[in-house]
Enquirer: 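Let me give you the structure first, and then I'll get to my questions.
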Amino acid sequence: MDRYEASDALLAWLYAQQGVDAVRVAMSERVEAAAGCSLSEHEALYRIDMNGRLPMSELSELLAVSPSGVTRLVERLVRRGWVERSQLPDNRRVVYAALTDEGRRVLKATTGPTYRAAVAEEFAGALNDRDVADLKRIGRKLLEAHGKWDSQRFAPG
């Protein structure tokens, strides 16, 4: 095969990668317009809410964001009054993020419903039920193959 000839595997990867990127852009625009926050900010609120409170290192892993990136993200949420940081008295090295009452209200009333509608329309709207089932199966298979399947990270919600 010529080094520039695209294999089926390469084309499948490019279509999937670029398709996900296109959907994320559309979802980001919707969340920003309706909820006044970024898609990443919503995802952080959701993950923190799912867990009650999270060590910053775990939030970094769940969001696939660098530690410095998650620190900046959480700082924006703290400034908005949606998240608070805390440390345990006996271990000041670990910093936790937890939702405030206002953060929980914003998640339940605004960002969550907007996100679900964006998933339904921007992602699932272009697919039939078989496509969705195939993508669930394929996505989980890829995650498991790379040791990334985690019910906490990928729980429905």
Enquirer: Could you give the distance from CG (Leu59) to CD1 (Ile48), rounded to the nearest 0.5 Å?
Expert: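 The distance works out to 5.0 Å.
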Enquirer: Considering residues, nucleotides and ligands other than Asn91, do more than 12 of their heavy atoms fall under 6.0 Å from its CG?
Expert: yes
Enquirer: Shortest non-hydrogen contact from Ala97 to Val83?
Expert: CB-CG1, 4.0 Å
Enquirer: According to a 4.5 Å side-chain heavy-atom criterion applied to Ile, Leu, Val, Met, Phe, Trp and Tyr, with indirect links allowed, do Leu62 and Tyr96 form part of one hydrophobic cluster?
Expert: no
Enquirer: Please tell me if the side chains of Glu84 and Val78 come closer than 4.5 Å, counting only heavy atoms from C-beta onward.
Expert: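 Answer no - side chains too far apart.
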Enquirer: Would you give the length of the straight line joining atom CG of Asp134 to atom CG of Asn128, rounded to the nearest 0.5 angstrom?
Expert: 8.5 Å
Enquirer: So, Ser60 side chain and Met56 main chain: donor-acceptor pair closer than 3.5 Å or not?
Expert: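 Side chain of Ser60 to backbone of Met56, a donor-acceptor pair under 3.5 Å: no, none is there.
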Enquirer: Please confirm whether the backbone N or O of Ala35 pairs with a side-chain atom of Thr110, one donor and one acceptor, at under 3.5 Å?
Expert: no
Enquirer: Side-chain contact, heavy-atom cut-off 4.5 Å: Gln87 with Val94?
Expert: no
Enquirer: Considering non-hydrogen atoms only, spot the tightest contact between Ala109 and Pro113 and give its length.
Expert: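 Looks like O-CG, 3.8 Å.
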Enquirer: Looking at Thr111 and His42, what are the two nearest heavy atoms and their distance?
Expert: OG1-ND1, 2.9 Å
Enquirer: Flag the pair Trp82 / Leu45 as yes when at least one side-chain heavy-atom distance between them is below 4.5 Å, and no otherwise.
Expert: yes
Enquirer: Just by modelled atom types, is the Ser38 backbone N or O under 3.5 Å from a matching donor or acceptor in the Glu41 side chain?
Expert: yes
Enquirer: In the single-linkage hydrophobic clustering (I, L, V, M, F, W, Y; side-chain heavy atoms under 4.5 Å), do Val132 and Val20 co-cluster?
Expert: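 In one cluster: no.
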Enquirer: Quick one: closest heavy-atom pair of Thr114 and Arg30, and the distance?
Expert: CG2-O, 3.7 Å
Enquirer: Can any side-chain N or O of Asn51 pair as donor or acceptor with the backbone N or O of Arg53 at less than 3.5 Å?
Expert: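 Looks like no, no N/O pair under 3.5 Å.
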Enquirer: Looking only at atom types and distance, does a side-chain atom of Thr100 sit under 3.5 Å from a main-chain N or O of Gly81, one as donor and one as acceptor?
Expert: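 Judged by distance alone, yes, a pair lies under 3.5 Å.
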Enquirer: Give a yes or no on whether Asp21 atom CG has more than 12 heavy-atom contacts from other residues, nucleotides or ligands under 6.0 Å away.
Expert: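 Yes - once you tally the heavy atoms of other residues, nucleotides and ligands closer than 6.0 Å, there are more than 12.
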Enquirer: Same cluster or not: Met50 versus Leu107, using hydrophobic residues (I, L, V, M, F, W, Y) connected whenever any side-chain heavy atoms lie under 4.5 Å apart?
Expert: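 Yes; tracing contacts between hydrophobic side chains, which count when under 4.5 Å, links both residues.
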Enquirer: Could you tell me which non-hydrogen atom of Leu73 sits nearest to which non-hydrogen atom of Ser40, and how far apart they are?
Expert: CD2-O, 3.9 Å
Enquirer: Using a strict threshold of under 4.0 Å (side-chain N to carboxylate O), is an ion pair present between Glu102 and Arg105?
Expert: yes
Enquirer: Which value, rounded to the nearest 0.5 Å, describes the distance between Trp13 atom CH2 and Ser7 atom OG?
Expert: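 So the gap between those two atoms works out to 13.0 Å.
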Enquirer: With the 4.5 Å side-chain cut-off for hydrophobic clustering, are Val31 and Val119 part of the same group?
Expert: yes
Enquirer: So, applying salt bridge (charged side-chain N to carboxylate O under 4.0 Å, His left out) with Arg24, which one of Glu122, Glu43, Glu32 is it?
Expert: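 Of the listed residues Glu122, Glu43, Glu32, the salt bridge (charged side-chain N to carboxylate O under 4.0 Å, His left out) partner of Arg24 is Glu43.
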Enquirer: Find out whether Leu63 and Val70 are in side-chain contact, i.e. whether some heavy atom of one side chain is under 4.5 Å from a heavy atom of the other.
Expert: yes
Enquirer: Does the distance from a Lys or Arg side-chain N to an Asp or Glu carboxylate O, for Arg116 and Glu121, drop under 4.0 Å?
Expert: no
Enquirer: So how far is it from Arg140 CZ to Trp149 CH2, rounded to the nearest 0.5 Å?
Expert: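 Between Arg140 CZ and Trp149 CH2, I get 4.5 Å after rounding to 0.5 Å.
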Enquirer: Give, for atom CZ of Arg130 and atom CG of Leu135, the distance between the pair rounded to the nearest 0.5 Å.
Expert: 11.5 Å
Enquirer: What's the separation between atom OH in Tyr115 and atom SG in Cys37, rounded to the nearest 0.5 Å?
Expert: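 That separation rounds to 12.0 Å.
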Enquirer: Hey, are the side chains of Glu75 and Arg85 touching, using non-hydrogen atoms and a 4.5 Å cut-off?
Expert: yes
